[in-house]
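For reference, the structure is listed below as structure tokens.
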Amino acid sequence: MSREEMVKVLEEIALLLELKDENPFKIKAYRSGAETVRSFPDDIVARAAANDLKGIKGIGDALRDKLHEMATTGKLEFYEKLRAEFPASLFDLFEIQGLGAKKIKVLHRELGIASLEDLRAACVSGQIAGLAGFGAKTQSNLLEAMAHRESFAGQFRLGAVASVVESLLDDLRDHPDAHRVAVCGSYRRAKEVVHDIDLLVATSNPSELTAYFVSLAGIQKVLMHGDTKASVILDNGLQCDLRAVTNKQFPFALQYFSGSKEHNVALRQLALRRGWSLNEYDFTVVRDDAQALPEVNEEKDIYHALGLPFIEPELRENLGEIESATNHDLPRLIEIANLRGTFHNHTTESDGKNSLEEMAAAAEELGLQYLGIADHSKSSFQANGLNEQRLLQQVQEIAEFNAKQQGFRVFAGSEVDILKDGSLDFSNDILAQLDYCVASVHNAFTLSEEEMTRRIIRAMENEHVTMLGHLTGRLLLKRDAYAVNHSKIIDCAAETRTVIELNCNPMRLDMDWRWWRRARDRGVLCSINPDAHHTEQFRFLHFGVLQARKGWLRRDDVINTFSLEKMQEWLARPKHLR
DNA sequence: CTTTCTCTAAAGTGCACTGTGGCCAGTGC
């Protein structure tokens with residue numbers, strides 16, 4: 001049994017125990033046990049198999065035995081018995097906003113509701129409103145929450161599919177007849193959410209490749225399987241298509257299937273002006289006076305043939321990239337290698353999983369020169385936010401840590417809550433003792449757009465607020481952005497010299513890429529921040545850089561490309577001079 | 001179920017918001 005499966009079992013046990021009204025601390029113990037297993041910095045499955053789990057914080061006698069049983073037998077009797085007490089479809093109800101264990105239990109016991117279909121029927125027939133503890137408003141909220149969930153069906157976050165896509169690419173490359181392999185579509189364009197994955201392979205043996213593809217591990221269902229095209233559903237529900245083309249066709253197919261559709265339409269018009277038609281296989285002459293056909297070996301040759309420089313896939317949304325390419329003023333986009341440091345990271349002091357030392361070591365290992373720590377402030381109680389005393393203590397610890405460093409530096413900061421009225425969770429005296437500060441909204445999400453915008457603007461006007469954290473609070477495919485006026489925020493950021501964060505947690509990717517070009521043009525600086533709660537999460541920087549590229553950002557638009565020296569000088573300046 | 005200021009028993013994140021039902025309970029952060 002893998003680590004992920006063990007985590008899943010423990011989390012499901014917690015849900016089941018909640019349904020059974022068990023001791024809340026027992027439930028919490030399973031949840032925290034799951035978290036411990038998830039982030040254990042060693043091979044926990046091997047340790048569990050060897051029954052070598054003594055002394056791990058969060059794993060007591062009961063969890064130790066259960067983990068051992070799972071690692072050795074591949075199942076858990078306790079879990080299976082528990083599961084048998086409830087219908088499997090009941091779990092889906094936990095995904096509906098506003099439903100927790102207590103309400104699900106009532107629905108199950110009183111109305112026999114055991115699935116989303118049951119719930120919908122009961123809402124439509126008005127039975128829910130009659131239940132004790134429920135009312136008409138709850139009933140309509142549930143219908144809305146179900147519709148919300150449905151609208152997200154079949155969509156996947158970029159970060160959630162990246163590893164499976166990369167491993168499919170690796171598998172395809174392993175085949176001796178695969179000359180060139182690529183992923184196209186919205187994944188290649190780094191859209192924050194994708195519907196399906198388009199893979200492309202250049203081969204002289206297409207039927208062999210499609211047969212190989214449908215035989216790969218991790219495939220739940222084969223939708224179709226022909227000589228040059230195959231379509232499958234992966235275990236996670238993601239649809240994945242493979243097209244096999246000749247090596248000569250490959251650059252055309254790569255360009256075509258990478259899209260976007262709008263970008264391709266514009267490109268085909270350019271081709272027509274030269275008397276060529278462009279499709280997924282080739283250029284063809286369509287007019288007598290056409291220019292001679294160009295030789296195309298790579299995708300960039302197609303752009304060059306049309307008189308354009310290569311256009312990076314992230315920009316291909318027909319949002320001005322063709323015009324910009326025509327004028328030869330495409331931006332030179334930021335690359336991950338340009339990053340010198342990162343801000344907005346958490347430690348065990350608030351809700352992070354690694355210590356200051358561990359986070360710093362991991363950042364340095366990645367080749368970064370500096371790391372900004374920004375633990376939560378006291379109002380974020382749920383995240384174990386720091387009060388003034390703990391914060392100042394942490395500032396002291398960071399100073400001591402830095403005294404021992406050579407060429408690497410930790411910046412002391414805070415992710416300070418923006419309170420409902422726009423004031424901050426710490427006074428200016430306290431904030432003045434930090435190297436920098438990220439200000440974020442963590443509560444009262446339901447303010448009107450006007451109130452929310454005013455609230456955030458008030459925070460940005462504070463001279464100690466270096467940057468604004470996750471502007472809209474959105475959780476992709478889970479929670480909508482709260483209402484906020486982006487234009488006004490961007491204008492205010494430009495005026496007050498407040499940096500805006502590009503939070504690169506794949507759940508957030510906030511501020512959205514669609515706004516960055518505008519912000520950039522007004523002189524607003526960006527900070528690409530992983531919001532890392534774990535050393536592993538520094539890899540989120542990769543997604544942040546993709547989104548920054550999608551937002552037309554160059555190296556100089558992003559502050560964490562500054563060298564350590566420049567950063568120290570920059571932070572030391574008064575905000576209005578930055 | 002785990003931890004500890006324990007040694008057998010007690011304590012273990014707290015607040016805002018929403019909706020319901022009459023000043024409370026469930027959910028989510």
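Labels below follow one simple rule: chain letters A, B, ... track the order of the sequence lines, proteins then strands, and each chain is numbered from 1. Only this structure's heavy atoms are used, side chains among them; waters, hydrogens and symmetry mates stay out. Since we're looking at a predicted model, the values are computed, not measured.
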Discussion item. Looking at B:dC29, I'd like to know if its phosphate oxygens (OP1 or OP2) sit under 4.0 Å from a side-chain N or O belonging to A:Arg479.
Written reply: yes
Item to complete: With heavy atoms under 4.0 Å as the rule, sort A:Ile27 into base, sugar-phosphate or nothing.
Response: nothing
Discussion item. Please tell me if A:Lys66 has a side-chain N or O lying less than 4.0 Å from either OP1 or OP2 of B:dC1.
Written reply: yes
Item to complete: Looking only at side-chain atoms of A:Lys57, point me to the closest of B:dG12, B:dT3, B:dT2.
Response: B:dT3
Practice prompt. Rounded to whole angstrom, note down the C1' distance from B:dT6 over to B:dA11.
Written response: 11 Å
Discussion item. Base, sugar-phosphate or nothing for A:Lys378? Non-hydrogen atoms, less than 4.0 Å.
Written reply: nothing
Worksheet item: Is A:Ser355 close to A:Thr347 at the side-chain level, that is, under 4.5 Å between some pair of heavy atoms?
Response: no
Worksheet item: Out of B:dG26, B:dC17, B:dG14, which has the shortest distance to the side chain of A:Thr446?
Response: B:dC17
Worksheet, complete the sentence: Checking B:dT3, B:dC1, B:dC29 against the side chain of A:Phe445 (C-beta onward), the nearest is B:dC29
Worksheet entry | Per A:Lys103 side chain, nearest of listed nucleotides B:dT2, B:dG26, B:dC29 | B:dG26
Item to complete: State which of B:dC17, B:dT13, B:dC1 makes the closest approach to the side chain of A:Lys420.
Response: B:dC17
Worksheet item: For A:Gln97, which contact category applies under a 4.0 Å heavy-atom criterion: base, sugar-phosphate, or nothing?
Response: sugar-phosphate
Item to complete: Inspect the contact between A:Arg38 and A:Glu4 and indicate whether a charged nitrogen and a carboxylate oxygen are less than 4.0 angstrom apart.
Response: no
Worksheet item: To the nearest angstrom, how far is A:Leu93 atom CG from B:dG26 atom C1'?
Response: 16 Å
Fill in: Test item: A:Asn485 side-chain N/O and A:Ser487 main-chain N/O as donor-acceptor pair under 3.5 Å
yes
Could you list all N or O pairs between the protein and nucleotides 19-24 of chain B that sit under 3.5 Å apart?
residue, atom, partner, partner atom, Å
B:dG19, OP1, A:Asn141, ND2, 3.1
B:dG19, O3', A:Thr138, OG1, 3.1
B:dT20, OP1, A:Gly135, N, 2.9
B:dT20, OP1, A:Gly135, O, 3.2
B:dT20, OP1, A:Ala136, N, 3.4
B:dT20, OP1, A:Lys137, N, 3.3
B:dT20, OP1, A:Thr138, N, 3.1
B:dT20, OP1, A:Thr138, OG1, 3.0
B:dG21, OP1, A:Gly133, N, 3.0

Worksheet item: Nearest-Å distance, CD (A:Glu95) to P (B:dT27)?
Response: 16 Å
Worksheet item: Considering heavy-atom distances to DNA chain B, does A:Ile56 or A:Phe94 have its closest nucleotide positioned more toward the 5' end?
Response: A:Ile56
Practice prompt. Considering only NZ, NE, NH1 and NH2 on the basic side and carboxylate oxygens on the acidic side, decide whether A:Arg31 and A:Glu35 come within less than 4.0 Å.
Written response: no
Worksheet item: In whole Å, what separates the C1' atom of B:dG19 from that of B:dG12?
Response: 29 Å
Item to complete: Scan A:Gly58 against the nucleic acid and name what it touches under 4.0 Å (heavy atoms): base, sugar-phosphate only, or nothing.
Response: sugar-phosphate
Fill in: Nearest-Å distance for atom pair CD/C1', residues A:Glu35 and B:dC1
17 Å
Response to the item:
Ranking B:dG26, B:dG14, B:dG12 by distance to the side chain of A:Gln382, first place goes to B:dG14
Discussion item. Just to verify, what does A:His464 make a ring-ring contact (aromatic ring centres under 6.0 Å, His included) with, not counting sequence neighbours?
Written reply: none
Practice prompt. Let me see the working for A:Arg390 and A:Asp375 under salt bridge (Lys or Arg N to Asp or Glu O under 4.0 Å), right down to the final yes or no.
Written response: CA-CA 10 Å; A:Arg390 286 171 65 207; A:Asp375 271 317; over 6 Å; no
Discussion item. Measure CG/A:Leu99 against P/B:dT18 and give the value in whole Å, please.
Written reply: 17 Å
Worksheet, complete the sentence: The answer to which of A:Ile59 and A:Ile96 contacts DNA chain B further toward the 5' end, by nearest nucleotide, is A:Ile59
Worksheet entry | Value in whole Å for how far the P atom of B:dG28 lies from CE of A:Met507 | 14 Å
Worksheet item: Does the side chain of A:Thr453 pick up a donor-acceptor pair with the side chain of A:Glu450 at under 3.5 Å?
Response: no
Worksheet entry | Inter-nucleotide C1' distance (B:dT27, B:dT20), Å rounded | 14 Å
Discussion item. Which is it for B:dC23, anti or syn, if anything within 90° of zero counts as syn?
Written reply: syn
Item to complete: Among B:dT27, B:dT13, B:dC1, find the nucleotide with the atom closest to the side chain of A:Lys26.
Response: B:dC1
Worksheet item: Under 4.0 Å between a side-chain N or O of A:Lys105 and OP1 or OP2 of B:dT27?
Response: no
Worksheet entry | Whole-Å gap separating P (B:dT27) and CG (A:Leu107) | 10 Å
Item to complete: Specify the separation, in whole Å, of atom CG of A:Leu15 and atom P of B:dC1.
Response: 16 Å
Fill in: Carboxylate-amine/guanidinium contact A:Arg474 A:Asp512, below 4.0 Å
yes
Worksheet item: Does A:Gln389 reach the side chain of A:Leu392, with side-chain heavy atoms less than 4.5 Å apart?
Response: no
Worksheet item: For A:Ala101, which contact category applies under a 4.0 Å heavy-atom criterion: base, sugar-phosphate, or nothing?
Response: sugar-phosphate
Item to complete: Kindly point out which of B:dG14, B:dT4, B:dC1 is positioned nearest to the side chain of A:Ala29?
Response: B:dC1
Fill in: Same-atom distance (P) from B:dT18 to B:dC7, integer angstrom
46 Å
Fill in: Rounded distance in Å between the C1' positions of B:dG22 and B:dG14
25 Å
Worksheet item: What interatomic distance, in whole Å, is found between P of B:dC23 and the corresponding atom of B:dG28?
Response: 26 Å
Fill in: Between B:dT27 (C1') and A:Leu19 (CG): distance, integer Å
15 Å
Discussion item. Could you tell me if the side chain of A:Val106 sits less than 4.5 Å from the side chain of A:Phe134, heavy atoms only?
Written reply: yes
Worksheet item: Taking the same atom, P, in B:dT13 and in B:dC5, what whole-Å distance lies between them?
Response: 14 Å
